[in-house]
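Order of listing sets the numbers, starting from 1, for every ligand and every atom in it. Residue indices begin at 1 and follow the sequence shown.
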Amino acid sequence: MGQENSDNLFDVPDGVLPAGYDSESKGYQTVIVNDKIYVIGGSSDGARLSIDVKIFDKSTGKWLIPTILGSKPMPSKGHSSIPVNNDQILILKGDCSAADCFWFLEVDTPYVREQAKLLGTDVVAWTKGVVGDGPKPVVISGPSGVGKGTLIAKLMKEFPTTFGFSVSHTTRAPREKEINGVHYHFTERSIMEKEIREAKFLESALVHGNLYGTSIEAVEAVTDAGKRCILDIDVQGARTVRAGSLDASFIFICPPSFEELEKRLRARGTETEEQIQKRLRNARAELDEGKSVGLFDHILVNDDLETCYENLKKLLALNDRTDANYQPTAKSFKIPLSHSISNKDQKFLIHCRTSELGKERTSFTWLQSLLEPYCKQNDAAGLDFAVSSLQPNYVTASLGFS
Ligand SMILES: Nc1ncnc2c1ncn2[C@@H]1O[C@H](COP(=O)(O)OP(=O)(O)OP(=O)(O)O)[C@@H](O)[C@H]1O
Ligand SMILES: Nc1nc2c(ncn2[C@@H]2O[C@H](COP(=O)(O)O)[C@@H](O)[C@H]2O)c(=O)[nH]1
């Protein structure tokens with residue numbers, strides 16, 4: 001497995017590799033971006049190679065010890081890598097499912113440059129690529145007690161295979177019927193703060209005196225399952241997501257009146273009087289914020305529950321559909337273990353031998369009809385894909401063959 005653009009290949013001299021790197025089996029790939037050499041790979045447990053990162057600075061001739069942010073890819077049987085836009089490296093894991101085969105290592109993006117300044121070290125950051133233009137995640141926001149959870153529960157019950165809930169982390173104590181991992185990941189503050197520093201969260205905020213946050217993993221768990229992700233987050237969180245790279249629909253839920261909001265919050269019976277007062281105070285500011293220009297795409301008033309639910313379904317274009325006829329758009333395929341990757345005219349080509357495609361035929365079912373005639377005539381087939389410039393880290397597979 002290897003890259004075709006030999007400009008970016010670099011042989012690490014013997015004896016210079018960091019400990020744990022197996023230079024004999026070449027269980028690593030080297031990629032040059034600017035004046036640095038990124039060595040991606042590492043030790044093997046016999047079946048799988050770890051995907052670690054080491055950086056060699058050509059200008060100083062020294063190895064760097066970077067801070068590595070984000071969750072790194074699980075070991076694979078092999079991988080290829082290639083630079084993207086001089087600020088990221090695309091890593092393609094062989095013999096892995098579509099949901100886990102594309103990974104990006106940010107090496108010189110504005111985000112890692114900012115983190116490097118903050119931390120005073122070299123920084124790289126892992127992000128998992130998302131295959132296809134999946135349905136946009138939905139951010140639902142609004143003051144405490146307005147009925148967000150109730151509306152989301154109805155949606156999940158009626159459309160269980162369409163929607164998946166992004167399970168947030170929180171430092172607040174669980175309520176009587178709340179289940180860890182289902183309603184929230186209930187977490188200690190020090191642990192959550194550490195994970196926020198490690199960039200494991202898409203957003204986080206202090207809400208009514210507790211820390212709440214959406215982990216990248218929570219959203220990925222839903223999108224990897226081919227479902228549309230629903231986020232129930234406060235207005236601060238919505239603002240952060242809006243400013244970030246997740247392309248979502250933003251819906252704000254309003255109460256019919258402040259008195260009704262107070263009535264619902266009290267009737268729920270989950271907070272102390274002091275907590276209710278705090279939530280109501282915050283609600284006034286949130287209701288003002290909800291009207292801020294450009295933050296929310298839609299505002300729904302939750303007066304009569306059934307009417308509001310029908311309006312929500314209309315917004316999500318669900319009123320003429322049942323869950324039974326839903327077809328997820330995500331395609332299922334597997335990159336063969338033995339492949340190479342090249343970059344041409346802003347597109348990437350994955351090359352693999354016909355015999356490899358043959359082996360992978362069952363996982364390439366969606367390509368099969370297109371590939372069949374080609375495979376008969378040629379010994380090698382290529383799968384075109386592009387990295388979307390609109391949705392960073394989205395990989396739009398795959399219409400053409402070379
Ligand atoms: N349209 C409605 N009419 C009357 N009661 C409602 C309506 N919608 C929700 N409720 C009730 O209001 C209470 C608060 O609803 P819910 O817990 O869904 O609010 P929430 O916005 O998710 O609150 P939080 O942000 O605190 O989690 C619940 O007891 C729920 O049954
Ligand atoms: N910014 C975020 N806000 C979140 C998240 N998960 C929930 N929330 C919001 O917190 C309040 C209070 O929730 P409760 O369960 O204690 O009643 C509510 O407005 C939620 O929308 C999150 O991950 N990030």
Quick check: does Arg279 get an N/O under 3.5 Å from an N/O on ligand 1?
yes
With Ser144 via side-chain contact (heavy atoms from CB on, under 4.5 Å) - residues at least two apart:
His208, Leu265, Arg268, Arg279
Can you tell me if Thr171 uses its side chain to pair, donor with acceptor, with the backbone of Leu211 under 3.5 Å?
yes
Would Thr240 and Glu203 count as a side-chain hydrogen bond (donor to acceptor under 3.5 Å, both in side chains) here? Give the steps.
CA-CA 6 Å; Thr240 309; Glu203 63 77 30; 5.2 Å; no
Taking the side chain as everything from C-beta on, heavy atoms only, tell me whether Lys72 gets closer than 4.5 Å to Ile51.
no
Proximity winner for atom 14 (C) of ligand 1, if only heavy atoms of Gly269, Ala153, Gly145 are counted:
Gly145
I need the atoms of ligand 1 closer than 4.0 Å to a non-hydrogen atom of Lys148, numbered in the order shown.
18 (O), 19 (O), 20 (P), 21 (O), 22 (O), 23 (O), 24 (P), 25 (O)
Check whether more than 12 heavy atoms from other residues, nucleotides or ligands sit under 6.0 Å from atom CD of Gln115, and answer yes or no.
yes
Are Tyr38 and Gln29 close enough, and set up right, to give a side-chain hydrogen bond (donor to acceptor under 3.5 Å, both in side chains), and what steps lead you there?
CA-CA 8 Å; Tyr38 295 83; Gln29 294 257 308; over 6 Å; no
Please list, in number order, the atoms of ligand 1 under 4.0 Å from a heavy atom of Gly149.
18 (O), 20 (P), 22 (O)
Applying a 4.0 Å heavy-atom criterion (strictly less than), which segment of Asp303 is in contact with ligand 1: side chain, backbone, both, or neither?
backbone
Give a yes or no on whether Lys278 atom NZ has more than 12 heavy-atom contacts from other residues, nucleotides or ligands under 6.0 Å away.
no
Minimum-distance protein heavy atom relative to atom 8 (N) of ligand 1
Asn302 ND2, 3.1 Å
Is it possible for you to check whether Lys227 lies under 6.0 Å from the centre of the six-membered ring of Phe163, through NZ or CZ, and within 45° of that ring's axis?
no
Can you tell me which residue pairs pass the ring pair (Phe, Tyr, Trp, His ring centres under 6.0 Å) test with a partner in residues 209-263, sequence neighbours excluded?
Tyr184-Tyr212, Phe252-Phe296
Distance filter under 4.0 Å to Pro143 heavy atoms, resulting ligand 1 atoms
21 (O)
Which option out of Glu306, Glu271, Gln275, Arg268 puts a heavy atom nearest to atom 28 (C) of ligand 1?
Arg268
So which protein heavy atom does atom 13 (C) of ligand 1 come closest to, and at what separation?
Arg264 O, 3.8 Å
Gly142 near ligand 1, heavy-atom distance under 4.0 Å?
no
Going by distance only, is there an N or O of Ser144 that falls short of 3.5 Å from an N or O of ligand 1?
yes
With hydrogens left out, which residues have an atom under 4.0 Å from ligand 2, given that only heavy atoms count?
Gly142, Lys148, Ser168, Arg172, Arg175, Tyr184, Glu203, Ala205, Val207, His208, Tyr212, Gly213, Thr214, Asp232, Ile233, Asp234, Gly237, Arg268, Arg279
Checking Glu262 now: which residues fulfil side-chain contact (heavy atoms from CB on, under 4.5 Å) with it, not counting sequence neighbours?
Arg266, Leu280
Quick one, Ile140 and Ile253 - any side-chain contact, counting heavy atoms below 4.5 Å?
yes
Return yes if a side-chain donor-acceptor contact under 3.5 Å exists between Thr67 and Thr121, otherwise no.
yes
Indicate yes or no: does an N/O atom of Ala267 lie under 3.5 Å from an N/O atom of ligand 1?
no
Between Thr150 and ligand 1, does any nitrogen or oxygen pair lie at a separation below 3.5 Å?
yes
Among all protein heavy atoms, pick the one closest to atom 19 (O) of ligand 1 and tell me residue, atom and distance.
Gly147 N, 3.1 Å
Parallel, tilted or perpendicular: rings of His185 and His169 (30°, 60°)
tilted
